[in-house]
Amino acid sequence: MKLYKIAVIEGDGIGKEVVPAAIKVLNAVAEMDSSFKFEWTYFPWGCDYYLQHGEMMPQDGIETLKQYDQIFLGAVGMPELVPDHISLWGLLIKIRREMKQAINVRPAKLLKGLESPLKNPNGFNITVVRENSEGEYSESGGRIHQGQDEIAMQNAVFTRKATERAMRYAFELAKSSRGHVTSATKSNGLTYSMPFWDEVFAEVKKDYPDIDTAVNHIDALAAFFVMKPYAFDVVVASNLFGDILTDLGGAIMGSIGIAPAANLNIERQFPSMFEPVHGSAPDIAGKGIANPIGQIWTGKMMLDFLGHQEAGKKVLEAIEATLEKGIKTGDIGGHSTMYEVVEEILNQLQ
Ligand code: NAI
Ligand code: MG
């Protein structure tokens, strides 16, 4: 019997609701499978912690987290009391960077029982692989001449190592998927970073002769996600492009409340972090009406990463069966509470 030690950070807002809900489902799956078990350790880090202690997590937080197999996180953010750049960089981005979670994987798939806002979704099933450690989200830049003549500079940083790593991961994924990789570029507008990105893509592609490829500018690609999402399999994108594209991915699935994500340390040197795409949703927090599916599907991604694909598949099937019965939260057109949705998913698992 394998015992997985998971560090849990519920975070803020609906994170405090959807994380315990997802853990119920994951425990139920583990109970059905005698080969593994979870041990959950909760850390009260986030904006409440910041308001009490002046930091989002303790100084030795990263060292503490390194003792766990994986990290399961809800959402962070309390924009009325803590500026977003503090909450984001003090916890989420800090963990992603220091744990070298250089790959962010976000599926966008039309689930059974869900209506896409698109007229012709045609059963799309996309996986976006986002470079997660550099690119447009760099700490390089500055502001000078406060006031009227102020200048702000934000540099985009692309290294061969990280660019190639994201692309290779995308090609490997495509092998067990439908054999197609699309690269998101913008080499007509960004004249250094994106021609470099295109060159690396062309080189990596040579090592995967069986995989078909396409190269699309990010603006056209965003339009294609709306017009013909079924044309895509794996999409590889830089940090910013992937960030924007995956919110769109969530939207065409029906709600950002169902979109899952994984921040992976593919070398498995440090824990990876599993967190849904959505934020803390302060507008609906504490009401018990948040959609738990994003967090539960995120748990399925953790099962997959731990090597329990069969168990992961069961979770997704239980989610779809629940949706097909019409048991849904308000964001996807239903009237059920979060608790009713979780209850039905647990029933479906049995
Ligand atoms: P958000 O994702 O929290 O909410 C956007 C909209 O989607 C809201 O109307 C919300 O009610 C709805 N929504 C989100 N998740 C839902 C769910 N599970 N079920 C039903 N409806 C759901 O994004 P927003 O409002 O831009 O940000 C709120 C806070 O969350 C901010 O402080 C932001 O920085 C933070 N944030 C944190 C993220 C993270 O921890 N990974 C990601 C995105 C935002
Ligand atoms: Mg985002």
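All ligand and atom numbering here is 1-based and tracks the order in the structure. What you see is a predicted model; the values in this text were computed from it and never measured.
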K.L.:
Are any side-chain N or O atoms of S138 and backbone N or O atoms of S140, one a donor and one an acceptor, separated by less than 3.5 Å?
P.N.:
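Checked: pair present.
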
K.L.:
Taking S116 for its side chain and I252 for its backbone only, find out whether a donor-acceptor pair lies under 3.5 Å.
P.N.:
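Yes, S116 side chain to I252 backbone: donor-acceptor pair under 3.5 Å.
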
K.L.:
Would you please say whether a donor-acceptor pair under 3.5 Å links the side chains of E275 and N263?
P.N.:
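N263 and E275 do have a side-chain donor-acceptor pair below 3.5 Å.
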
K.L.:
Distance under 4.0 Å to a non-hydrogen atom of G257: what atoms of ligand 1 satisfy this?
P.N.:
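Near G257, the atoms of ligand 1 are 16 (C), 17 (C), 18 (N).
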
K.L.:
If the cut-off is 4.0 Å to any non-hydrogen atom of G77, which atoms of ligand 1 fall inside it?
P.N.:
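Per the distance check, 32 (O).
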
K.L.:
So is there a nitrogen or oxygen of V277 less than 3.5 Å from a nitrogen or oxygen in ligand 1?
P.N.:
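The answer is no, given that V277 and ligand 1 share no N or O pair closer than 3.5 Å.
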
K.L.:
Of the choices D243, I256, V18, D283, which has the non-hydrogen atom that lies closest to atom 8 (C) of ligand 1?
P.N.:
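Looking at heavy atoms only, the winner is D283.
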
K.L.:
Please check this pair: side chain of K186 against backbone of M194, looking for a donor-acceptor N/O pair closer than 3.5 Å.
P.N.:
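No: the side chain of K186 does not pair with the backbone of M194.
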
K.L.:
Would G279 count as being in polar contact with ligand 1, using the rule that some N or O on each side must be under 3.5 angstrom apart?
P.N.:
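It does: an N or O of G279 is found under 3.5 Å from an N or O of ligand 1.
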
K.L.:
Atom 20 (C) of ligand 1: which of L92, I293, I284 has the nearest heavy atom?
P.N.:
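Looking at heavy atoms only, the winner is I284.
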
K.L.:
Has the side chain of E115 got a donor or acceptor atom that lies under 3.5 Å from a matching backbone atom of I332?
P.N.:
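Here the side-chain-to-backbone pair does not exist.
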
K.L.:
If we only count heavy atoms from C-beta on, is the F36 to L3 side-chain gap below 4.5 Å?
P.N.:
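No, side chains not in contact.
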
K.L.:
For a quick check under 3.5 Å, do S133 and E131 share a side-chain donor-acceptor pair by atom type?
P.N.:
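Distance-only check passes for S133 and E131.
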
K.L.:
Taking non-hydrogen atoms only, is N291 closer than 4.0 angstrom to ligand 1 via side chain, backbone, both or neither?
P.N.:
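The answer is both.
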
K.L.:
With a 4.0 Å cut-off on heavy atoms, is G294 in contact with ligand 1?
P.N.:
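No, G294 has no heavy atom closer than 4.0 Å to ligand 1.
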
K.L.:
Find all atoms of ligand 1 within a distance of less than 4.0 Å from any non-hydrogen atom belonging to I14, and give their numbers and elements.
P.N.:
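Atoms satisfying the 4.0 Å criterion: 15 (N), 16 (C), 17 (C), 18 (N).
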
K.L.:
Answer yes or no on whether R268 is positioned over the face of F305, meaning its NZ or CZ is under 6.0 Å from the six-membered ring centre and within 45° of the axis.
P.N.:
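Yes - R268 lies over the ring of F305, closer than 6.0 Å to its centre and within 45° of its axis.
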
K.L.:
Kindly compute the distance separating NZ (K24) from CD (E343), expressed to the nearest 0.5 Å.
P.N.:
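Taking NZ in K24 and CD in E343, the distance rounds to 6.5 Å.
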
K.L.:
Is there a polar contact, in the sense of an N or O pair closer than 3.5 Å, between A75 and ligand 1?
P.N.:
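A75 vs ligand 1: no N/O contact under 3.5 Å.
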
K.L.:
Indicate yes or no: does an N/O atom of S255 lie under 3.5 Å from an N/O atom of ligand 1?
P.N.:
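No: no nitrogen or oxygen of S255 is under 3.5 Å from one in ligand 1.
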
K.L.:
Considering G13, A281, P282, C47 one by one, which has a heavy atom nearer to atom 3 (O) of ligand 1 than any of the others?
P.N.:
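Result: the heavy atom closest to atom 3 (O) of ligand 1 is in A281.
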
K.L.:
Tell me which part of E275 gets within contact of ligand 1: side chain, backbone, both or neither, using heavy atoms under 4.0 Å.
P.N.:
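Just the side chain.
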
